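See structure below.
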Amino acid sequence: MSVNQQTHTGPPYGQPQPGYQGYQQPAYGGQPLPGVPHSQYGVYNGPMPGYQQPVPPQGTSHQGPLPPSVSQGLPLAQPPFSGQPVSTQRLPTQVPGFASPPSSTGIGPSSYPPTTGAPRPPTMPGPPLPVQTAAGPPTSQPNHVSSPPPPPSTLSGPYQGPPMSGLRGPPPPTHPPQPGYQMQQNGSFEQVRGPQTNYGGAYPGTPNYGSQPGPPPPPKRLDPDSIPSPQLNELPPQQKPRHRIDPDAIPSPIQVIEDDRSNRGSEPFVTGVRGQVPPLVTTNFLVKDQGNASPRYIRCTSYNIPCTSDMAKQSQVPLAAVIKPLATLPPDETLPYLVDHGESGPVRCNRCKAYMCPFMQFIEGGRRFQCCFCSCVTEVPPHYFQHLDHTGKRVDFYDRPELSLGSYEFLATVDYCKNNKFPSPPAFIFMIDVSYNAVKSGLVRLICEELKSLLDYLPREGNMEESAIRVGFVTYNKVLHFYNVKSSLAQPQMMVVSDVADMFVPLLDGFLVNVNESRTVIISLLDQIPEMFADTRETETVFGPVIQAGLEALKAAECAGKLFIFHTSLPIAEAPGKLKNRDDKKLINTDKEKTLFQPQTSFYNNLAKDCVAQGCCVDLFLFPNQYLDVATLGIVTYQTGGSIYKYAYFQLETDQDRFLNDLRRDVQKEVGFDAVMRVRTSTGIRATDFFGAFFMSNTTDVEMAGLDCDKTITVEFKHDDKLSEDSGALLQCALLYTSCAGQRRLRIHNLSLNCCTQLADLYRNCETDTLINYLAKYAYRGVLNSPVKTVRDALINQCAQILACYRKNCASPSSAGQLILPECMKLLPVYLNCVLKSDVLQPGLEVTTDDRAYIRQLVTSMDVAETNVFFYPRLLPVTKADVDSDSLPAAIRNSEERLSKGDIYLLENGLNIFVWVGVNVQQGLIQNLFGVSSFSQISSTLNTLPVLENPFSKKVRSIIDMLQVQRSRYMKLIIVKQEDKLEMLFKQFLVEDKSLTGGASYVDFLCHMHKEIRQLLS
Ligand SMILES: [Zn+2]
């Protein structure tokens, strides 16, 4: 079974037996469903654990020892799909403890400047409120901000004012004490009868809401805003109250993830209903396409769009879709069907050119259809005519994917091809740096050995026996060496091009070849390359001419393709695209910091443009020992839709597993070439902004020389007219691309969203993970043009506005001192803080300029699941794992105070896996996991766990393997011993804590957000 040979014959779920037999299946491999073992990369993945490999190839001499056993991933203990109703309750969250006066500076150390200005008068005069935060059970949690109530004497102490929220005494006798410590979800809805200032409409679940103003506030209301302003500030510092918010009382990402898993993981997500919010990306669920694209292809920040632009602006909630057009699916989900409409091509709207889809309305007995995007009426071509049933539905509705499914493909006609000519199959060109460092580190030998076997696993179409992709080879340092590997040759021939100023390809015939036909010559070449350059003294490299050479070769062969460039150093040799070392960490936190993210020359932007025009995608594997200017070298990769990988201080023994796994996956993965994506929308909104790795030559078309299954494009929408609740809003993403066999295709994804006139509906249908994906990409692009601080402030401000708008218009009136978050956005502050603290926006201690440019580029193409774990890493207590079960231990929150000295934890963020070992871990566990007898003997230079035959070792390694399979990159394993110096690095990933470089803790940030919100409301 190969990645390319999967077939899906099952009918779409829940539909009356559609007869799709006539349609071909483009056989894409399935992405492993999180936690489910799956052999997508089963055929060839080299002898590494982490990827399952039924048929491991013969080991090669430079791959190091084979692990004695290859661990199989364990399935997550997810309940079978049955039973549980989907929870749709999305009610706001009140955060206890947020009853502090605005001027309070005693809420723990904060990295934010104190809010200036006096406390403001209440903006939402409301009815009498039970005190929801101040009246906790006494004495149990002395540090809690809202407890215990200070002894009465406090009130008669230095404070000569009304009692203060958060510090105040017991509530007045007329109000019974409330339990103060739990998350008070929607508590206010049940307790409050009051006015809603702007939106008088009924809010489901709050039947007593009215637009009538409520009774005037009672005189004795315990409102922090009623505190005369100067009091707290006038206190000497030591008398300022010190209090602390209980971290257990603020919204927990772990709890939200677990709740979604248990509420929504057991039922398939059926896409037939407009505007449904899908389960979280962290939930393991099955998707049934019934007319809308799967959330694996498209996720939105909100599934209910404000009807008007004014409403959208008021909320400040960005309207964006995160689109992954070629996403791989789990094996139990149906791949998009391939539809062939014959010589005339896909049926489209005459005016806006939208493709036939489930939302088109057939009229006049089926002779015409009205476009759901622009309302234009188009004749149905005779060959496509079909009668309608009594409901107005075509009788072949279920037989045609384009009428009944959210996602499908059309076979493109020659009209969709460059120069009106069907494309040739694409080519892969491997371009290997053979300068001194590359040779000396063993890298050149490693790559050559790997390619010998990897070339048998190039992407294949459907059930084709061999890949149609041709391959070529180049090596380079200051000059380039091309190789003729024509099958008729006895030995490969090398041709050197030393005039790098005007790059040309010295041979056409014999450069790009079929692997099977030229196998002997290729193997001979790969054997010879390491020997030929074994004694090289050349340390300088070129880079621009390398890409130019690949581009020229593809041009000459009249095909699209991918360059795999393995590069080690800053290209300082005299040549086009020559760079200088301009790294300067002193620019951090200055107005010039943005230059560190900008390319130092426009040469590569121009080159990228040429590459996109040819369909030449550039994948870059970097092995730097010092600064090599990722911001500049990465430009071509970025704009051609390619991938970038970086292995700083590459060492064979520690880094080869990671590199080889990445390379194997990169070479084998599904990729479309010469791609153009356009997103059409129904009247009222349009796509206005795009984020991702691509090139745009106009304002609507996203061009990518290559687009692989992991790449995501985030699209922002703006209103250009009013929307209606009845018709909703529609998106159609059309991707035109060339498959790995050279077939021209269109992949179509459709999604229908609801529209609302009530802000509450917007807030109840948001997806915070997607919002964070958008905000991170928006901010990461912002650093190219603005000082980082400006970008950070803008992010904070936008989120404060989002939450303030909710508070003002949707939440029940209650004490302004209380922080109330929309249920769907209760994690917005914690996640936003993680984005603000990320290395791009606030570099950690040892983060290099290249690291920051690299991360910036990676995040720009990440999907929602990737940004989720990248910004809020997953922390698993493995000593708590049940060795007899397949399940993962429950994750815990990313804070040092959650770590126990007696336990071992794994922390993963998609790029790294840390194994943290507490100082008091039992000797037996250490012996079982590391094979040494004490904590002090554990080597922190290990980059893999020893393979030991005991249940604990097997369990931990299987968890690691499972995590590796779920991620698109092979994560670097780092062992961290508590109190060891590496722990500093690890602690940066404990994102709820204050960071060493000044990033706020979650609690502090929440306080800060609260202040910002209150300021906006006043
Ligand atoms: Zn139209």
Side-chain angles (χ1 to χ4, degrees), residues 271 274-275 291-293 297-298 300 305 307 309 319 321 323 325 336 339-386 388 392-394 396-397 400-413 415-416 676-688 690 698-702 713 715-736 745-755:
T271 72
R274 188 175 83 186
N292 283 290
Y297 296 123
I298 308 181
C300 295
I305 302 182
C307 277
S309 141
L319 304 175
I323 308 178
V339 179
D340 185 356
H341 279 179
E343 281 178 15
S344 53
V347 177
R348 305 174 70 174
C349 165
N350 270 347
R351 189 201 283 159
C352 74
K353 303 294 177 194
Y355 294 86
M356 181 51 64
C357 73
F359 313 124
M360 296 290 187
Q361 198 71 47
F362 285 87
I363 53 175
E364 296 176 26
R367 287 186 299 277
R368 297 165 143 219
F369 68 91
Q370 181 164 35
C371 178
C372 50
F373 296 94
C374 73
S375 303
C376 172
V377 174
T378 302
E379 297 276 341
V380 173
H383 69 86
Y384 198 67
F385 175 79
Q386 188 53 265
L388 308 183
K393 204 185 243 179
R394 279 171 62 121
D396 61 352
F397 181 83
R400 291 193 176 269
E402 76 276 19
L403 297 182
S404 51
L405 298 178
S407 300
Y408 43 87
E409 294 204 319
F410 287 117
L411 204 56
T413 60
D415 298 339
Y416 294 83
V676 184
M677 188 185 95
R678 182 178 283 197
V679 179
R680 289 182 175 80
T681 45
S682 53
T683 313
I685 52 164
R686 65 193 165 86
T688 52
F690 302 85
N698 59 42
T699 56
T700 52
D701 295 322
V702 175
I713 298 116
V715 183
E716 187 180 6
F717 301 95
K718 290 254 158 69
H719 287 76
D720 55 10
D721 206 346
K722 262 188 149 170
L723 298 166
S724 99
E725 280 178 296
D726 288 345
S727 44
L730 303 175
L731 315 178
Q732 182 177 76
C733 163
L735 177 82
L736 175 64
R745 290 182 184 161
L746 282 148
R747 178 169 289 202
I748 313 293
H749 297 296
N750 301 288
L751 188 64
S752 60
L753 302 170
N754 284 331
C755 296

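Note that this is a predicted model, so its numbers are computed, not measured. All ligand and atom numbering here is 1-based and tracks the order in the structure.
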Round to 10° and report the angle made at the Zn ion (ligand 1) by SG of Cys352 and SG of Cys374. 110°

Which is it for Ser309 and Lys718 under the side-chain contact (heavy atoms from CB on, under 4.5 Å) test, yes or no, and what are the steps along the way? CA-CA 8 Å; Ser309 141; Lys718 290 254 158 69; over 6 Å; no

Side chains of Tyr297 and Asn750 only: does a donor on one sit below 3.5 Å from an acceptor on the other? no

Would you kindly check if the NZ (Lys) or CZ (Arg) of Arg394 is within the cone defined by 45 degrees around the ring axis of Phe362 and under 6.0 Å from the six-membered ring centre? yes

Of the backbone and side-chain N, O or S atoms of Cys349, does one lie nearer to the Zn ion (ligand 1) than 2.8 Å? yes

Below 2.8 Å, any N, O or S contact between Cys376 and the Zn ion (ligand 1)? no

Is it the case that the side chain of Glu409 and the backbone of Arg747 share a donor-acceptor pair, with hydrogens and angles ignored and the cut-off at 3.5 Å? no

